[in-house]
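Only one structure is covered here, and it is reproduced in the block below.
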Amino acid sequence: MTLIGQFRDWLINFMPEWAAYIVAFLVGVVAIIAFVLVMIIVFIYLERRLIGRFQVRLGPNRCGPEGIFQLIADSIKLLTKEDIVPAKGDFWVHFLAPIVTFAPALMVFAVVPFHKGVVLTDLDVGILYVVAISSISVVGIYMAGWGSNNKYSLIAALRAVAQAISYELPVVMAAVGVILIAGSLSLSKIVEAQTIPFFLLQPLGFFIFLLGSMAEINRSPFDLLEAESEIVTGYNMEYSGMKFGLLYLSEYGHTLAASCIITTLFLGGWQGPLLPPFLWFLIKVLLVFFVFLWVRSTVPRLRVDQLMAFAWKCLLPMALINLLLIGAQVLWFPKALPWGMMVVNFAVAGILILLWSRLFALGGGRVEV
Amino acid sequence: MALRTEPFVLNIGPQHPSSHGLFRLEVTLDGEVVTGLELVLGYLHRGIEKLAEGRTYIQNIPLTDRLDYLASMTNNFAYVLAVEKLAGIEVPERTEYLRVIMAELMRISSHLSFIGFLLNELGAYFTPLFYMFREREKILDLFEMVCGQRLTYNYMRIGGVSQDIPEEFLPAVKRFVAEMPRLVDEYEQLLSGNEILLARTKGVGILPRDKAINASASGPVLRASGVKWDIRKVDPYSVYDRFDFEVPVGSVGDVYDRYWVRVSEMRQSVRILEQALKQLPKGEVWTKVPGLLRPLRGEVYGHIEGPKGELGFYLVSDNSIAPYRFHIRPPALLNLTALKDMVVGWKLADAIVIFGSLDTVLGEVDR
Amino acid sequence: MRFERYGIGIIKGLMVTMKNFLRPPITLQYPEEKLITSRRIRGNELVWQVSKCTGCATCAKSCPQGNIEIVTHLGTENNYVVDKLQVDTGKCMFCGLCVESCPYEALFMGRSYERATYRRRELVLSKEALELSEDRQPSGYFYPRIEVLLPRQTLLLYWDREDGQKLCWFPWRKKANRGRR
Amino acid sequence: MTVTLKGEEVAKKIAHSFPMAIITANQTAIIVTPDSLYQVARFLKATPEFDFDYLTNLTAVDYLDYFEVVYHLTSLKHNHSLVLKTRCYDREKPSVPSVVSLWQGADLQEREVYDLMGITFSGHPNLKRLFLWEGFPGHPLRRDYL
């Protein structure tokens with residue numbers, strides 16, 4: 001029984017069942033949206049400050065103590081800006097794009113368990129839902145690129161679609177490995193199944209999922225569609241005012257969603273000793289986010305053909321092998337699963353990475369024209 | 001490969017994060033692949049060559065600061081050498097050493113900013129740029145100490161330098177020289193082994209040896225293509241013949257070689273600095289040169305190895321106080337000659353990186 | 001791309017950024033903290049010592065921009081009295097050639113670098129605005145005797161030393177010796 | 001040390017191949033007629049003795065009576081250099097053969113000279129103004145441009 005369910009049952013004492021249902025879920029939705037927005041603000045603040053620290057500078061520190069109101073100041077600036085639609089842009093596509101991009105980022109959190117029983121709806125097909133919903137945002141990015149009537153945006157839109165389709169496959173394959181061990185598609189059940197975090201049980205899957213998520217949420221080194229040195233932030237370059245703000249928020253919303261999903265699937269979700277579960281969840285989410293930041297501040301960007309080759313030639317085969325391996329272990333050695341297989345899986349991961357380092361070449365590059 | 005799309009013309013610049021100033025690349029794209037390229041220059045054209053014809057020889061020194069604003073010292077140096085050659089002026093030995101010290105510091109600084117910007121174009125979100133600028137700042141501090149400004153130094157004079165160095169300069173340079181190799185190591189650890197950087201730069205934008213020579217490329221671009229041609233070695237000016245240093249030469253001529261040549265040159269510059277500091281003699285820093293210099297009728301071509309390449313000044317004198325003709329041989333402009341051949345066939349992202357690897361400064365290209 | 005080093009290059013790079021993450025930042029909070037500038041700074045002003053000026057206009061001749069306007073008349077004691085001295089610092093490039101050319105040591109570069117204005121016409125400095133005063137001190141550019149009196153420049157090179165700027169991220173160690181003016 | 005070849009000596013060597021080409025030759029430079037410039041340049045590039053494979057600098061000077069186009073040639077192999085000049089007496093439509101087919105490095109420099117000095121380089125593949133826009137009146141680096 002989830003927390004929302006208990007709340008609904010309590011509300012039934014005062015009002016008709018349908019009203020209790022609606023009220024309970026509205027409260028839950030508002031709570032989740034509040035959580036997401038607050039976390040996005042925290043993320044943006046942390047990103048700017050910590051990237052600043054990685055670059056041996058201070059980061060924004062003028063608005064409020066240590067600059068915590070910087071984002072609020074920025075939003076006020078964005079709200080007061082003129083909303084410009086390009087003259088030959090497609091108004092409706094341009095208008096809807098930020099909404100289509102941002103909504104999925106919120107919707108993902110409907111199934112994320114923050115605590116035992118604290119989840120909006122404990123869907124039995126939770127992972128499927130997450131995968132399906134999070135892919136919709138690419139449509140929004142494509143709409144933004146197309147509706148802007150800008151060549152840079154168009155390039156970015158096409159890159160975004162190609163990238164999202166390519167990286168969806170290894171990500172799902174890696175997630176299937178988790179499902180096999182946990183024996184359920186429900187995120188709550190997956191968390192409860194993690195007596196030891198799954199990244200220890202299937203390191204290769206974790207590795208693939210992490211890289212794939214980075215590509216799906218367009219973070220460096222896979223941030224080709226905003227590549228400011230090439231295509232000048234790409235899809236959002238014709239946006240101004242709060243529409244831009246929404247695109248900006250959705251970028252961090254997806255980052256937050258990805259951090260939460262990684263935490264849930266591989267890092268044991270809210271499970272952890274001593275500290276309260278919700279705090280554990282937050283700590284893990286921030287840890288994943290810090291890794292994203294760290295990588296972003298270090299590595300250069302891949303080229304578009306290298307990006308595709310990395311997905312199809314490197315991540316997808318590894319994900320398939322990982323899936324095969326986990327399936328075999330679950331089928332034939334269920335007893336040895338928690339600890340015995342850990343060693344085997346780490347060894348296999350190491351060997352595969354070594355093998356791919358030797359065998360795999362991205363090739364491509366110059367084209368004769 | 002057979003799949004072609006409709007040609008698509010994209011204007012990169014004049015306002016573009018990677019255009020190093022104001023500059024437009026008219027790129028024809030087939031999907032992501034560059035099939036054609038045209039340079040559109042002149043957004044920063046200030047007519048320095050024309051301006052210089054109306055100013056005295058000494059008044060032109062501040063103008064040369066504005067050519068390659070990332071390496072003003074070497075611009076001063078080249079111009080002053082050319083004028084001295086024209087007028088037949090000998091300079092004191094201490095000055096020669098001071099000029100070499102300044103030029104080598106400037107070379108390190110210019111290469112540092114090159115590496116930072118190249119990495120930015122590769123997509124390493126500003127981090128290497130900030131590290132490089134931190135080191136560059138130390139050099140700028142030194143220049144500020146010597147001549148009071150951080151970008152447009154106007155330090156060299158015909159017949160010497162404007163002032164002797166202050167007493168705290170030498171210990172500071174010594175400290176810089178002592179810590180620089182360690183920092184270069186650290187940045188190489190960050191960059192040179194990075195697989196993504198290697199993937200993006202190795203084999204990209206190859207400029208073959210013959211092509212590089214034919215297209216009058218110079219400096220690190222020429223050396224990356226495997227030509228051992230450094231004016232400090234082949235035509236030593238000032239006191240460069242007294243120092244022991246090597247000329248790093250690339251093998252393939254790709255973006256990585258251009259990057260590697262510059263990193264290695266920074267190490268060699270540190271070596272030159274060490275020797276120059278050891279040998280620095282005492283004495284005067286300026287020979288008496290009349291304020292309104294009137295060189296005899298004639299012409300001269302003086303060149304030095306600037307950080308970007310061969311920086312030359314072609315001066316024609318008609319025995320008046322101003323040069324009759326003041327022509328600059330801009331290395332950055334000539335390095336752009338072969339850009340089209342390098343870029344065509346590569347992806348859009350590579351085009352940006354290849355352009356960045358030439359270390360173009362538009363102040364010098366447009367003049 | 002071949003991961004010939006098994007991704008070790010990237011991991012090494014991550015280590016370097018982490019090392020720098022723990023290093024103190026090098027930025028300075030400008031209006032509150034100011035570095036001591038060079039003793040020879042060519043700030044964006046000129047300082048004119050009236051008593052020494054003979055009105056010879058050598059500075060005007062040496063200016064590459066033709067930027068110094070000087071008008072004199074013959075005074076009573078067989079000297080020139082400067083009626084007008086005007087420098088458009090909006091056009092000036094602070095090359096210092098006028099200071100170097102002055103034969104009577106009457107013109108100096110200023111030390112201030114904070115003379116930005118909202119109007120271009122405010123940058124045109126007249127005789128009164130150029131005069132040496134309490135808040136318009138000459139810099140040591142080209143004048144070693146002034147240079148030795150000025151405080152030493154803070155160098156980023158000595159950031160880890162006591163006399164240099166010592167900066168630290170952690171707020172409880174912020175009180176360290178920063179180069180304040 | 002890069003040896004600067006004396007114009008007179010080089011002129012002697014060229015003279016038997018191109019007797020009509022050389023106007024004068026002095027210590028520093030060798031001055032040829034515009035018509036024979038391309039042949040002389042090709043000879044200087046192709047002859048193993050000279051092997052001028054590198055065009056260092058190309059510029060033009062306006063002496064009011066005539067335009068002088070100056071080529072600084074260098075041989076990376078022999079490490080010597082030479083100043084080759086040509087003169088153009090026509091002020092209205094000065095024209096010099098282009099050397100882009102010999103040295104690609106002349107490409108942008110010839111465009112620059114065309115832009116600022118107004119000298120046409122016949123045979124240049126893409127002779128457009130480099131810095132100034134199409135339709136700019138006059139050529140600023142000429143001495144009579146005000």
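Numbered from 1 within each chain, the chains take letters A, B, ... in sequence-line order.
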| Basic-acidic side-chain contact under 4.0 Å: Arg367(B), Asp68(B) | no
| message | Side chains of Tyr69(B) and Glu364(B) only: does a donor on one sit below 3.5 Å from an acceptor on the other? | response | no
| query | Strictly by modelled atom types, are Gln149(B) and Glu144(B) linked by a side-chain donor-acceptor pair under 3.5 Å? | reply | no
Chain C contact via [X] - side chain, backbone, both or neither, heavy atoms under 4.5 Å:
X: Arg150(B); result: neither
X: Asp65(B); result: neither
X: Glu167(B); result: side chain
X: Ser162(B); result: both
X: Arg66(B); result: side chain
X: Pro128(B); result: neither
X: Arg134(B); result: both
X: Ile58(B); result: both

| request: Against chain B, work out which of Gly96(C), Cys63(C), Gly140(C), Ser101(C) has the most heavy-atom pairs shorter than 4.5 Å and name it. | output: Cys63(C)
Going by residue number, which parts of [range] are within reach of chain B, meaning a heavy-atom gap below 4.5 Å?
range: residues 38-46 of chain C; answer: Ser38(C), Arg39(C), Arg40(C), Ile41(C), Arg42(C)
range: residues 64-71 of chain C; answer: Pro64(C), Gln65(C)
range: residues 47-58 of chain C; answer: none

| How would you list all residue pairs meeting ring-ring contact (aromatic ring centres under 6.0 Å, His included) that involve residues 146-174 of chain B, not counting sequence neighbours? | Phe143(B)-Tyr153(B)
| query | Ile108(B) and Met180(B): which non-hydrogen atoms are nearest, and at how many Å? | reply | CG2-CE, 4.1 Å
| field | Nearest atoms (heavy-atom pairs only) where Arg120(C) meets Gly90(C) | value | NH1-O, 3.8 Å
| field | Portion of Ser139(C) that has a non-hydrogen atom of chain B nearer than 4.5 angstrom | value | neither
| request: Check each atom of Lys61(C) against the heavy atoms of chain B and say whether the ones under 4.5 Å are side chain, backbone, both or neither. | output: backbone
